[in-house]
Amino acid sequence: MEDKELIGFIKKDPEYGIHEAMKLYGNAVNTICRSILKDCADGLVDEAVSDTFFKLWKNCDRFSPGKGHSLKSYLYSVARNTAIDIRRKNGYQILSLDEDREWNLVSEFSVEHEVEQKTIKETLHQVIRQLGEPDSQVFLYKYFLFLKNKEIAESLNLTEKKVENILYRGKSKLKKLLAERGITGYENG
């Protein structure tokens, strides 16, 4: 189903449209929320998933298919941000990239460097997109959604070994692409 068609269903018949969106994206949204809220109280994952699809319904007029963003990536971003907000609201510590043992972006920026940090983050997202599929999706799931290799493999219908290979090879590619853009302040862990 095309994004435009699904948004049309959500606008005309919200119950049916959200049901279809949940059929298409519900498992992935649940996985994203579960990975971010894995150490939180019972029920918060369900709350995050429900809130994500509620926000899709509430804000479907703001989503414009065909402007370079897919509904899938929009929804995954909403799920991630919703789960993080629920974590924060319930007094849990917010996870960060630095907590991942496999890859550590050296990013001890002071307040004066917020603009630089934002630029680096945007560049990192651009470079990850350049890796192509499924590599870019694997990196986003691993380092921005904090999924385990097994969860990534299941979500993308890959083997766990394939995910490991993509991450291993991709780190070298990322290092080179970032260096070409003048970003060299990171270490492989």
Side-chain angles (χ1 to χ4, degrees), residues 1 3 6-7 9-63 69-105 107-108 117-118 121 124-125 128 133-164 166-167 170 189:
M1 177 179 301
D3 289 352
L6 184 56
I7 291 297
F9 285 136
I10 293 169
K11 289 178 182 178
K12 290 178 188 166
D13 184 355
E15 187 176 335
Y16 175 75
I18 293 299
H19 175 75
E20 290 300 305
M22 289 180 83
K23 275 185 6 187
L24 287 170
Y25 304 116
N27 287 338
V29 166
N30 190 320
T31 300
I32 291 165
C33 294
R34 189 171 10 91
S35 72
I36 294 171
L37 298 167
K38 60 186 164 209
D39 58 336
C40 298
D42 290 341
L44 292 182
V45 172
D46 291 338
E47 180 183 337
V49 171
S50 296
D51 287 358
T52 297
F53 285 101
F54 175 76
K55 288 175 183 177
L56 172 62
W57 168 71
K58 186 177 173 187
N59 299 309
C60 70
D61 288 331
R62 295 182 187 170
F63 180 78
H69 302 289
S70 70
L71 183 60
K72 177 171 112 174
S73 40
Y74 169 77
L75 197 55
Y76 293 175
S77 176
V78 170
R80 179 181 185 273
N81 292 334
T82 299
I84 289 170
D85 288 345
I86 286 173
R87 247 190 114 76
R88 185 178 294 122
K89 181 178 84 177
N90 286 280
Y92 292 96
Q93 182 180 0
I94 303 301
L95 301 172
S96 71
L97 264 178
D98 293 337
E99 292 176 7
D100 191 276
R101 294 169 300 287
E102 291 186 54
W103 193 45
N104 180 24
L105 236 67
S107 298
E108 292 260 42
Q117 186 178 15
K118 183 177 179 186
K121 187 175 180 182
L124 182 59
H125 279 279
I128 287 173
E133 295 299 339
D135 297 27
S136 62
Q137 206 65 10
V138 168
F139 269 82
L140 290 173
Y141 280 9
K142 181 71 175 180
Y143 299 111
F144 294 90
L145 300 177
F146 312 106
L147 299 182
K148 292 179 170 38
N149 291 357
K150 183 177 180 179
E151 295 171 316
I152 297 168
E154 290 170 1
S155 293
L156 298 176
N157 294 322
L158 301 171
T159 64
E160 205 170 335
K161 186 69 174 166
K162 175 74 173 172
V163 169
E164 290 170 9
I166 288 171
L167 291 169

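As a basis for the values below, the full set of heavy atoms in this structure was taken, side chains included, without hydrogen atoms, waters or symmetry mates. For clarity, every value in this text was computed on a predicted model and none was experimentally measured.
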Between Tyr25 and Phe53, what is the shortest heavy-atom contact and its length? C-CZ, 4.2 Å
Answer yes or no: are there more than 12 heavy-atom neighbours, outside Glu133 itself, under 6.0 Å from its atom CD? yes
Asn149 pairs by side chain to side chain donor-acceptor pair (under 3.5 Å) with which of Lys142, Glu160, Lys161? Lys142
Hey, is NZ on Lys11 packed in by over 12 heavy atoms from elsewhere, all under 6.0 Å? yes
Is the number of heavy atoms from other residues, nucleotides or ligands under 6.0 Å of Lys55 NZ greater than 12? yes
Between CG on residue Leu37 and CD1 on residue Ile32, distance to nearest 0.5 Å: 11.5 Å
For Glu47, is there an ion pair with Lys89 - N to carboxylate O distance below 4.0 angstrom? yes
Straight-line distance of Tyr141 OH to Ser136 OG, nearest 0.5 Å: 10.0 Å
Is it true that Arg87 and Asp39 have a side-chain N and a carboxylate O under 4.0 angstrom from each other? yes
Check: Leu71 main-chain N/O paired with Asp3 side-chain donor or acceptor under 3.5 Å: yes
Rounding to 0.5 Å, atoms CZ (Arg34) and CG (Leu147) come to a distance of 8.5 Å
CG/Leu24 to NE2/His19 distance, rounded to the nearest 0.5 angstrom? 10.0 Å
Under 6.0 Å from the CG atom of Asn81, do we count more than 12 heavy atoms belonging to anything else shown? yes
Once you round to the nearest 0.5 Å, how far does CD1 of Ile86 lie from SG of Cys40? 9.5 Å
Kindly compute the distance separating CD (Gln137) from CG (Leu140), expressed to the nearest 0.5 Å. 6.0 Å
